[in-house]
2 protein chains.
Amino acid sequence: MSERVTLLTLARDLGVSRATVSNAYNRPDQLSADLRDRILARADQLGFAGPDPRARGLRSGRTGAVGVLIDQGLSYAFSDPTAVLYLDGLASELQSDGLGLLLHAGTGSKTDAELVRAAAVDAWVIRSLPDDEPAVAAALAQQRPMVVLDQPELPGVPLVGIDDADGAVAATQLLLDLGHRDIAVLAMPLRPDGFQGLVDAVRERYATYSVMRTRLCAVEQTLSAAGVDWGAVPVVECAVNDMDTGALGAYELLDRTPAPTAIIALSDQLALGALRAAHEMGVCVPGACSVVGFDDAPGVSTALPPLTTVAQPLRERGQVAGEIVRALLRGESVATPPRLPVSLVVRDSTGPPPR
Amino acid sequence: MSERVTLLTLARDLGVSRATVSNAYNRPDQLSADLRDRILARADQLGFAGPDPRARGLRSGRTGAVGVLIDQGLSYAFSDPTAVLYLDGLASELQSDGLGLLLHAGTGSKTDAELVRAAAVDAWVIRSLPDDEPAVAAALAQQRPMVVLDQPELPGVPLVGIDDADGAVAATQLLLDLGHRDIAVLAMPLRPDGFQGLVDAVRERYATYSVMRTRLCAVEQTLSAAGVDWGAVPVVECAVNDMDTGALGAYELLDRTPAPTAIIALSDQLALGALRAAHEMGVCVPGACSVVGFDDAPGVSTALPPLTTVAQPLRERGQVAGEIVRALLRGESVATPPRLPVSLVVRDSTGPPPR
DNA sequence: TTGGGTGTCTGAATCGATCTAGTAATAGAC
DNA sequence: GTCTATTACTAGATCGATTCAGACACCCAA
């Protein structure tokens, strides 16, 4: 039997103490350079790859990994450009501290919570999950440093958000100012239950994705203030936040009589889907129907037509989350920073309604 | 001082043994349902989030995480569509086994190797790294299950690859068959040293990215066999595998006299860059210059013009890697599967040379 | 009555490191 | 020649679980 090589093996072999071997790896200043070289050389010979990370983790309480909890499976995160940008920002910030990203998905099932419970991480970053996601509760229970992006709002946990209401108001007001009254809304999931279709007031109010609640509410208030009857405004929820599903939702909206003269899409992926649906149905954008998106994701400026949208700093928000994590891990206490401002970028997908 | 709650705390509190509490979490069949409920309930009251993953990891040797080592920083991986697809496939496969992905980047520095050494993972998946990357050596030293995508080739480690030579030959032969003789090559990095520009034979031969070596070699042989003097074929290496850098490289190629009538880009990102450069320089594709890519990444079929390229199963390869990891973790031994076939997809970016 | 089987629960060893407090030896200051 | 600093190293407790070999009680069959 070939025994596993540990610090102790090495220590015995060299006639020094375990602590000294440990120090050779972790505190080079605690022993003579000569001995250190000897230890490292012998370690190499014996095929010792350095102190076992698991044991080190237990003893020192640090694993060098930050858990990242995202919505709807990893596949989704990798295919959503906004998620990728955010991960990019986060990663670049954490990398400089030698922290890795441990990706986990929250899909609403109990097993996700199990995975979270079993994950050895130093901190959690949570992005855009429903209020009642069990995996979030599991992460919270670990009492480790934590940061949330977008949602859910958790008491005592710093949240890196944008001014969702502002953005939704700006988009809506733009359409109102252009003269639109027959406005429709294309929403991201309100609950992670795979529902697709027209949304009623109850579902709207009890959406578990708080960002959607906020944005929808802002749209409602802006329209109501302008005298548009919210009850008559069709809101279609898309089961998945991607182009294909967005197109599906847009078909439903554009098929209605009277057809809307403008669609507010609450994400750019949905907006891109709406552009495609309109194109396929022969509906001219913005001639027959205006489309406004949300996020200013990469690629929307070169869509056909270039998309009017609410721009938010995606990558930068990932970085901010990373900075906060680092600060928390240093033991500093961090308050929720003010929500980052958004700005309406008017391109060519919006115009006055047809007369 | 509020003591940390551990299995022992809980055991004492309830007057049972530590083993029983552990079993309550890990082997429900080992104790009465009644006692188990009592334990779990009390755990909840005391704010015990379940057995500490670090300690569990040490004792049982499993952490539930697979380390993923990628090239050039996480940011790059997230912005390269082929890398995203591969991660997507890998993640979907591992998720079903409850495994998370721990992402680390290899950037050639010693500190990366340190990070790898300190990472508590059950297995490593390595994608597209140079032959001499220190982080790879560090991962190898841990003697854990391991899988490589594309490169480097490591003895005894299963590699999930494609038939690179075949693909390069097919692309080259297409151009030859169309009548091209003035062919130029746009290459991905040959070494991770940030070099950009014309490559000489020595650099070509000693490329540390073995996939590039293989593809270039296949192009060379195909051209030589057709009587084209390889020494006169300009090969421009791009420091980064992205559109912008590809455009930069293409500028250099298209500026030469005589200008090439065809460019073989060894990745689609570079090919897209070449398309852009050609467009900006007023060079008509494929009228004045044909462009062929490699990968069939998402989006290239809708490029202007749609790109002729060598298609490979990107997402699927990630899944295959995932399957192999799972098998290895189950203790099975896995041989390197045969390289997956590629296929030339002819679209509109290639045509006969101008006369 | 005995023996075996089953269902519950316990004791103690173990995983492989980190880290604090402390020893021993040497150097330098006065 | 004594006293303090500094350097180089060690002993042993500790992190928080998992796990295996029993112990104990109880029931049923022979």
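Excluded from the calculations below are hydrogen atoms, water molecules and symmetry mates; all remaining heavy atoms, backbone and side chain alike, are included. This one's a predicted model, so the numbers in the text were calculated from it and none came from an experiment.
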Identify every side-chain donor-acceptor pair in residues 95-107 of chain A under 3.5 Å, counting partners at least two apart or on other chains, and give the distances.
{"from": "A:Ser96", "atom 1": "OG", "to": "A:Glu93", "atom 2": "O", "distance (Å)": "2.7"}
{"from": "A:Ser96", "atom 1": "OG", "to": "A:Arg326", "atom 2": "NH1", "distance (Å)": "3.4"}
{"from": "A:Asp97", "atom 1": "OD1", "to": "A:Arg326", "atom 2": "NE", "distance (Å)": "3.3"}
{"from": "A:Asp97", "atom 1": "OD1", "to": "A:Arg326", "atom 2": "NH2", "distance (Å)": "3.2"}
{"from": "A:Asp97", "atom 1": "OD2", "to": "A:Arg326", "atom 2": "NE", "distance (Å)": "3.2"}
{"from": "A:Thr107", "atom 1": "OG1", "to": "A:Asp112", "atom 2": "OD2", "distance (Å)": "2.4"}

Residue whose closest nucleotide on DNA chain C lies nearer the 5' end, B:Leu58 versus B:Asp29: B:Asp29
d(CG, A:Leu8; P, D:dA11) in whole Å: 11 Å
All N/O donor-acceptor pairs, side-chain side in residues 151-160 of chain B, below 3.5 Å, sequence neighbours left out:
{"from": "B:Gln151", "atom 1": "OE1", "to": "B:Ser210", "atom 2": "N", "distance (Å)": "2.9"}
{"from": "B:Gln151", "atom 1": "OE1", "to": "B:Val211", "atom 2": "N", "distance (Å)": "2.6"}
{"from": "B:Gln151", "atom 1": "NE2", "to": "B:Ser128", "atom 2": "OG", "distance (Å)": "3.0"}

Steps toward side-chain hydrogen bond (donor to acceptor under 3.5 Å, both in side chains) verdict (A:Asp131, A:Tyr209): CA-CA 6 Å; A:Asp131 294 340; A:Tyr209 284 102; over 6 Å; no
Which residue lies more 5' along DNA chain C, comparing B:Asn23 with A:Ser60 via nearest heavy atoms: B:Asn23
Among B:Val21, B:Val16, B:Thr20, side chain to side chain contact (heavy atoms under 4.5 Å, CB included) partner for B:Leu10: B:Val21
Nearest-neighbour nucleotide for the A:Ala19 side chain, D:dA11, D:dG16, D:dT19 considered: D:dA11
Angle of first-five versus last-five pair axes in the helix from C:dT1-D:dA30 to C:dC30-D:dG1, to 10 degrees: 40°
Euclidean distance, atom CZ of residue B:Arg18 to atom P of C:dA12 [Å, nearest integer]: 11 Å
Any donor-acceptor N/O pair under 3.5 Å between D:dT14 base and A:Arg59 side chain: yes
Check: B:Asp80 side chain, B:Tyr76 main-chain N or O, donor-acceptor pair, under 3.5 Å: no
Candidate pair A:Arg36 and A:Asn23, rule side-chain hydrogen bond (donor to acceptor under 3.5 Å, both in side chains), full reasoning: CA-CA 9 Å; A:Arg36 174 158 194 261; A:Asn23 283 334; over 6 Å; no
Sugar-phosphate only, base, or nothing, as touched by B:Thr20 at under 4.0 Å among non-hydrogen atoms: base
Euclidean distance, atom CZ of residue B:Arg54 to atom C1' of C:dG16 [Å, nearest integer]: 16 Å
Pair B:Asp122-B:Arg144, salt bridge (Lys or Arg N to Asp or Glu O under 4.0 Å): steps then yes or no: CA-CA 7 Å; B:Asp122 295 336; B:Arg144 285 190 222 288; over 6 Å; no
Integer-rounded Å distance: C:dG7 C1' and B:Leu31 CG: 11 Å
Touch class at under 4.0 angstrom, heavy-atom based, for B:Arg27 against every strand present: sugar-phosphate
For atom CG of B:Asp37 and atom P of C:dT8, their distance in whole Å: 13 Å
Minimum-distance nucleotide to B:Gln30 side chain [options: C:dC9, D:dT18, D:dT10]: C:dC9
salt_bridge(A:Asp52, B:Arg117) N-O dist < 4.0 Å: no
Separation of atom CZ in B:Arg4 from atom P in D:dA17, rounded to whole Å: 7 Å
Whole-Å gap separating C1' (D:dT18) and CG (B:Asp52): 13 Å
Gap between atoms CZ and P, on A:Arg38 and D:dA8 respectively (whole Å): 13 Å
Contact under 4.0 Å: A:Ser32 side-chain N or O vs D:dA8 OP1/OP2: no
Distance below 4.0 Å between A:Thr6 side-chain N/O and C:dA17 OP1 or OP2: yes
Sugar-phosphate, base or nothing in reach of A:Tyr25, heavy atoms under 4.0 Å: nothing
